[in-house]
Amino acid sequence: MSTETNWNNARRCTFAIISHPDAGKTTMTEKLLWFGRVIRKAGMVKSKQGDYAKSDWMEMEKERGISITSSVMSFPYAERAMHLLDTPGHKDFSEDTYRTLTAVESVLMMIDSAKGVEEQTKKLMEVCRMRDTPIVTFMNKFDRDAMDAFELIDNVEKICSIQCVPMTWPIGDGVKFKGVYDLKNKTIVSFRESNDPNDPIIVKADDLDSDEVKNFIKDDQILDKLKEDLMMVEELMPEFDEEEFLEGIMTPVYFGTALHNFGVKETLDMISTVSPGPMEREVKLEPFDDSAQTRMIKPNEDKFSGFIFKIQANMDKKHRDRVAFMRVCSGVFERNTKIHHVRSGKDVKIASPLIFQAQDREITEKAYPGDIIGLHDTGKYQIGDTFSEGEKIMYTGIPSFAPEIFQKVILKDPMKAKQLDKGLTQLSEEGTVQLFTRHTTREKILGAVGVLQFEVVKHRLEDEYGVRGEYESYPFSGVRWLRFPDDKTKSSFMEKNSSNIVYDVKGRVCFSVRSEWDLKLVMEKNPEVEFFKNSDYR
Ligand code: G4P
C-alpha cells in the first residue's frame, strides 16, 4: 500500500493500547511499528530519535516544547490504514488518556503475565466498557516467570468481566519458555535470537506425541503440562465468536513476549482482521441539553463531521499554541474548506491540518473517517467540540471522568482572585483540569486523574494569567455525577448530604467521595439515586 490512493481508500483501524506502566506497551508499540515498516529497529519510540519521524518535525517539537510525535502512529498493514493512538501512562497519565479511548474503535490490552490485571488497566478497561469497545488481549513477558495461563485468564475474566478465548497457549515460562501453541493451526511457533520476526520457527504439532514435537520441547514435564492444558482448553474454553468480540463481551487472548517477538505478529494479524473500521456514532441535536434528541451519524455520510478528543498544551513560555486532536467521523475533511465549529457558531478554515501518516507528520489535503488530524489551536477549541459542514450537532460520549486527586489553590496575592477564577474556569472548560464548587462553602476545588494535569494548571495560571498560588491537596478521593428520579428526592438528598455536594463546571450536581466505604453507605441508603463515574451518566 505505497501509493496515496491506496492509503486513502484503505479501511481505517483506529486503536489504542491499554496497560499498566511497565507491562510492555512501548515495546509492543515498537514491534507493531516494525511490522508496519515505520521503524527499522526497536528502541526508537522510547528514545524519540532515529528514523521514524522526520527530523524537521522533531525540530518543531523541540522548538515549541511539545511532544506530539507519538500521539498518533500510523502505518499500513494488511490492506488497512492502522492508526495507533497513544495512551500516556506513568507520570503523563491524565484525563487525556481516558479521552483517547473515546476516539478508537478497538483496544489492545497488554498484561504483565507475572502480575495479572493491574490498577491502571482496570481503570482504562472501565472506560472501554462505556462504549463496549472490542478488546484483544496480550499476555506479555512469558520469557519471565509468569502466572499459570488458566490463572491469568481467570484473573482477566473476573476483574474485567469479559469472556476470554485463548487463540494461542504458552509452552513453559521463564527460562523454560519454548514458544506458543497456535490452537487453530495446531503448530508451535517459536523464535531464536537470530530469527527475523517475520520468519518464526514453526513446528507441526497436531500430534503432540510426534518425535518432531518431543525433539523441539525437549522437556517431558513441560510437554505433559501442555497436553493436559490443551485438553482442558478444549473442554472449558468457548470458540472465538466475532460478534461477541465486536460487542466487547469476548476477548481473544494471545500469550507471548513482545520483547522477543513471540505472539506479536499473530496479535497484529488479529487486530487488523477483526477490529472494526469507523463505526456510526451518536450526536445530540439542538438544544444540546439532557432533553436533546439524538441521531446516529454513519461514516459514509457525504457531509464531514468530527470531534476534538485531546488538546496537547504547550509547556514552552515562548509558544502558547497547542495542538487539538480531531477524530474524523464522517464525510471527507478537506484542507482550506470552511468547516463549522458548532460551539462558537463560527465557520473556520483550517490551513495547516496535520496528519500522522506512515512515517510523516505533515500537512494533509484530506482526511477520512477514522483518521486523526492535528489542528493548530490558539485557545479556541475545547475537548468535545464538534465540527460539521453547518449542521448543529454535538458528538456524545466524550465525558468528564471522575477525578481521583484533588487540590485547592491558595492565592499568594489575594488581589488576583478574579484572574484566578477566570483562569480556572477557562482551563476547566478546555478540559485541562476539572473544577468543582462546594455547595456549602462555595470553595473551588481542582480535580484530576493524573498529577501532570496540576502541573499544567500551575504553569498556565502563572504564565497566561499571572496568578501564582500554592497547591494544597484536598481530602476527596473521587466524585460521582448524580441522577435523581425527581426534584423532591434531589432536594432531600442534597439537604442530607450538603457537605458532600459539589457542582461541576456545567453546574451539574455531584457527590464528593471521602472514602469508598462512605460512598457505599450513601449509595445503599439512597437506592433511588444513581451515581455515575462520568458526566455522560453511562
Ligand atoms: P511500558 O511502555 O508499558 O511502560 O513498558 P515498556 O515497553 O517500557 O517495558 C517495560 C520494561 O519491560 C522494559 O525493560 C522492557 O524492556 C521490558 N519488557 C517489555 N516486554 C518484555 C518481555 O516480553 N519480556 C521481558 N523480559 N521484558 C519485557 P526496562 O529494563 O525497564 O527498560 P529498557 O531499558 O529495557 O528499555
Side-chain angles (χ1 to χ4, degrees), residues 15-36 38-39 41-50 52 67 69-73 84-94 96-98 100-101 104 107-125 127-128 135-149 152 156 160 167-180 189-193 195 197 200 253-268 271 449-452:
F15 71 112
I17 301 180
I18 60 170
S19 66
H20 193 78
D22 273 349
K25 190 187 70 173
T26 312
T27 311
M28 181 58 117
T29 302
E30 283 175 349
K31 295 294 158 113
L32 299 181
L33 296 181
W34 187 90
F35 278 109
V38 177
I39 58 172
K41 63 176 192 288
M44 288 171 177
V45 176
K46 208 165 208 174
S47 59
K48 296 219 166 87
Q49 54 181 309
Y52 109 87
S67 165
T69 308
S70 60
S71 287
V72 187
M73 289 159 276
L84 171 55
L85 273 51
D86 188 34
T87 44
H90 291 264
K91 65 176 180 34
D92 294 341
F93 189 73
S94 69
D96 272 349
T97 313
Y98 289 155
T100 296
L101 297 176
V104 300
V107 151
L108 170 59
M109 173 164 69
M110 297 266 305
I111 288 168
D112 182 332
S113 299
K115 297 179 175 159
V117 181
E118 295 171 87
E119 201 44 41
Q120 198 160 297
T121 312
K122 210 170 123 189
K123 287 181 192 167
L124 293 165
M125 191 65 192
V127 178
C128 294
I135 315 267
V136 174
T137 302
F138 187 82
M139 308 287 199
N140 194 26
K141 302 195 184 182
F142 254 85
D143 59 320
R144 293 211 181 140
D145 291 348
M147 280 162 68
D148 180 74
L152 269 168
V156 171
C160 304
M167 309 305 283
T168 60
W169 200 257
I171 310 173
D173 64 344
V175 285
K176 290 193 168 174
F177 182 56
K178 308 280 180 183
V180 288
V189 188
S190 189
F191 285 96
R192 290 205 183 89
E193 246 359 282
N195 274 106
V253 177
Y254 290 85
F255 295 86
T257 135
L259 191 62
H260 301 290
N261 303 312
F262 292 69
V264 176
K265 187 169 184 302
E266 290 83 343
T267 305
L268 180 57
I271 295 172
V449 305
V451 283
L452 174 81

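Residues take their numbers from the sequence shown, with the count starting at 1. Order of appearance sets the numbers: ligands from 1, and atoms from 1 within every ligand. The figures here come from the full heavy-atom set of this structure, side chains too, leaving out hydrogens, waters and symmetry mates.
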* Asked: Any idea which part of D143 is under 4.0 Å from ligand 1, heavy-atom wise: side chain, backbone, both or neither?
  ->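 Answer for D143: side chain.
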
* What part of K25, side chain, backbone, both or neither, has a heavy atom within less than 4.0 angstrom of ligand 1? ->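 Both of them.
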
* Where the side chain of N140 meets the backbone of A23, is there a donor-acceptor pair that is under 3.5 Å apart? -> yes

* Asked: Short question: side chain of K25, backbone of I18 - any donor-acceptor pair under 3.5 Å?
  -> no

Just going by heavy-atom distances, which of [options] is nearest to [atom]?
{"atom": "atom 17 (C) of ligand 1", "options": "E30, K141, H260, M28", "result": "K141"}
{"atom": "atom 21 (C) of ligand 1", "options": "D22, T29, L259", "result": "L259"}
{"atom": "atom 9 (O) of ligand 1", "options": "I17, V264, T26, T27", "result": "T27"}

* **Sole candidate of Y254, F262, F255 that passes ring pair (Phe, Tyr, Trp, His ring centres under 6.0 Å) when paired with W169** => F255

* Structure fact -> For A16 and T87 the tightest heavy-atom approach is CB-CG2, 3.9 Å

* Closest contact, heavy atoms only, S113 versus F142 -> OG-CE1, 3.3 Å

* With atoms numbered from 1 as shown, which atoms in ligand 1 lie under 4.0 angstrom from a non-hydrogen atom of A258? -> 23 (O)

* Asked: Which of the numbered atoms in ligand 1 are below 4.0 angstrom from a heavy atom of T257?
  -> 22 (C), 23 (O), 24 (N)

* **V107 side chain reached by F15 side chain, heavy atoms, under 4.5 Å** => no

* Any N or O of P21 that comes nearer than 3.5 Å to an N or O of ligand 1? -> no

